[in-house]
Amino acid sequence: MTDISIAFIGLGNMGGPMAINLAKAGFRVQAFDLDATACALVAEHGAHIADSARAAVEGAEIVISMLPASHHVEALYLGSDTAPGLFDGLPAGTLVIDCSTIAPTSAQKLAAAGESRSLAVLDAPVSGGTAGATAATLTFMVGGESSALKRAHLVLERMGKNIFHAGDAGAGQAAKLCNNMLLGILMIGTSEALNLGQSLGLDASVLANIMTKSSGANWVLEKYNPVPGVMEGVPAARGYSGGFGTDLMLKDLGLALEAAITQRAPVPLGGLAESLYAAHSASGNGLLDFSSVLRMLQPRGA
Ligand code: NAD
């Protein structure tokens, strides 16, 4: 057990295993989520469950959040019409690390609000999926001051294996949006190729092996195959449950498009991918893992 107390807010598909890894590493983890089932899972691994986010941050040197979207994170730290934000009660010097994927502009807003209260705030979104969160092999893309990142290393390295300083506040989120736009496109492209191959009579596993060693190789083929039965331990192997929800991918593509419009950067495939995930979500698949987008392409009944 170390002397360092960490508050961890948001114990979902990603935050749960990340908080568990910190508890296993010997940190004192005070955790909170609105969902009691998510809390119970983390409690089994030695974390203390607090009654509220405010109770969780009491006495914590480091506060980590892993929430769905910008508005959740802004409400948590800056407050809303109904409740004050956590920034108002945190002692000067507290290190705040937000690992959620949110708009770069939201991350910059948090960093500025934190600075005015002498808090050190980092945006540190992650890549690697739930498997990476469980295995503590996540990639962190960090925006903010180098001095704050130096302090954060101690905990980030217990949850991930690649830690990149992307630049100033918001830069971690900018890197994450670019990465996830590419991931969203790759998932659809890979699904198209695999579905076409199956319709031509190829076995999906055989085709995946061939493409993994050919010029079509990519992370989806290597780590996250969308065809049920090809890979163990991925969402496709469990009815597309857990993993990275279609609605979360849709949120990330929305953030990427918003940034692209502001920057006047052309992202034609990013725009198309956003429309396809939106249609998939509108058909009732928003909570399924995003690799279920394969189903849109499959013949009915497949
Ligand atoms: P999730 O929906 O599984 O978990 C989010 C959790 O936040 C839920 O348990 C919810 O109850 C909790 N929550 C919401 N508002 C809260 C509040 N005010 N206080 C306390 N808890 C609150 O989502 P996830 O898959 O864990 O994703 C979290 C973030 O990580 C998202 O921004 C997502 O885009 C990003 N991300 C996800 C993946 C992935 O593979 N799932 C990968 C990389 C990044």
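Each ligand, and each atom within it, is numbered from 1 in the order the structure gives. The first residue in the sequence is number 1, and the count goes up from there.
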Discussion item. Can you confirm, on distance only, whether ligand 1 has an N/O atom lying under 3.5 Å from any N/O atom belonging to Thr101?
Written reply: yes
Discussion item. Counting non-hydrogen protein atoms only, what is the nearest one to atom 40 (O) of ligand 1? Give residue, atom name and distance.
Written reply: Phe244 CB, 3.2 Å
Discussion item. Can you tell me how far apart CG (Leu122) and CD1 (Ile97) are? Round to the nearest 0.5 Å.
Written reply: 6.0 Å
Worksheet, complete the sentence: heavy-atom search around atom 4 (O) of ligand 1 in the protein gives Gly12 CA, 3.3 Å
Fill in: His72 N/O to ligand 1 N/O under 3.5 Å
no
Discussion item. Between Asp35 and Ala38 (side chain of the first, backbone of the second, donor and acceptor by atom type, cut-off under 3.5 Å), is there such a pair?
Written reply: yes
Worksheet item: Has the side chain of His165 got a donor or acceptor atom that lies under 3.5 Å from a matching backbone atom of Gly144?
Response: yes
Discussion item. I need the contact type for Asp33 against ligand 1. Using non-hydrogen atoms and a strict under-4.0 Å cut-off, is it side chain, backbone, both or neither?
Written reply: both
Worksheet item: Less than 3.5 Å between some nitrogen or oxygen of Leu76 and one of ligand 1, yes or no?
Response: no
Worksheet item: Looking at atom 19 (N) of ligand 1, what's its closest protein heavy atom, distance included?
Response: Leu34 CG, 3.7 Å
Worksheet entry | Protein heavy atom at shortest distance from atom 43 (C) of ligand 1 | Val126 O, 3.4 Å
Worksheet item: If you measure only the distance, is there a donor-acceptor pair under 3.5 Å linking the side chains of Lys213 and Asn209?
Response: no
Fill in: Which residue and heavy atom of the protein sit nearest atom 26 (O) of ligand 1, plus the separation
Met14 N, 2.9 Å
Fill in: Where Ser65 and Leu76 come nearest, the two heavy atoms and their spacing
CB-CD2, 4.1 Å
Practice prompt. If you have a sec, work out which protein heavy atom is nearest atom 41 (N) of ligand 1 and how many Å separate them, to one decimal?
Written response: Gly243 O, 3.0 Å
Discussion item. Tell me the contacting part of Pro68 for ligand 1: side chain, backbone, both, or neither, using a 4.0 Å heavy-atom threshold, strictly below.
Written reply: both
Worksheet item: Does ligand 1 have an atom that lies less than 4.0 angstrom from a heavy atom of Gly129?
Response: yes
Item to complete: Identify, with sequence neighbours excluded, every residue that meets side-chain hydrogen bond (donor to acceptor under 3.5 Å, both in side chains) alongside Tyr224.
Response: Asp289
Fill in: Nearest-0.5 Å distance that lies between atom CG in Leu253 and atom CD in Glu258
12.0 Å
Worksheet entry | Location of contacts on Ile9 toward ligand 1, heavy atoms closer than 4.0 Å | side chain
Worksheet item: Should we say atom CG of Asn218 is surrounded by more than 12 heavy atoms from elsewhere, each under 6.0 Å from it?
Response: yes
Item to complete: State whether any protein heavy atom lies less than 4.0 Å from atom 2 (O) of ligand 1.
Response: no
Worksheet item: Do any nitrogen or oxygen atoms of Ala69 lie less than 3.5 angstrom from nitrogen or oxygen atoms of ligand 1?
Response: no
Discussion item. Salt bridge or not between Arg117 and Asp88? Use side-chain N to carboxylate O under 4.0 Å.
Written reply: yes
Discussion item. Looking at Met187, is its backbone amide N or carbonyl O close enough to the side chain of Thr190 to form a donor-acceptor pair, meaning the two atoms are under 3.5 Å apart?
Written reply: no
Response to the item:
The closest protein heavy-atom partner of atom 27 (O) of ligand 1 is Leu248 CD1, 3.7 Å
Discussion item. Among all protein heavy atoms in this structure, tell me which lies nearest to atom 29 (C) of ligand 1, with the distance rounded to 0.1 Å.
Written reply: Leu67 O, 3.3 Å
Worksheet entry | Sub-4.0 Å atoms of ligand 1 with respect to non-hydrogen atoms of Lys251 | 31 (C), 32 (O), 33 (C), 34 (O)
Discussion item. Between Asp247 and Ser281, is there a side-chain donor-acceptor contact under 3.5 Å, judged purely by atom types and distance?
Written reply: yes
Discussion item. Using a 4.0 Å cutoff against the non-hydrogen atoms of Lys176, which atoms of ligand 1 qualify?
Written reply: 43 (C), 44 (C)
Worksheet item: Taking N or O atoms only and a 3.5 Å limit, does Phe32 qualify as a polar contact for ligand 1?
Response: no
Discussion item. For the residue pair Ser100 / His72, report whether a side-chain donor-acceptor contact shorter than 3.5 Å exists.
Written reply: no
Discussion item. So is Met249 touching ligand 1 or not, going by heavy atoms under 4.0 Å?
Written reply: no
Item to complete: Could I get the full list of side-chain hydrogen bond (donor to acceptor under 3.5 Å, both in side chains) partners for Lys109, not counting sequence neighbours?
Response: Glu74
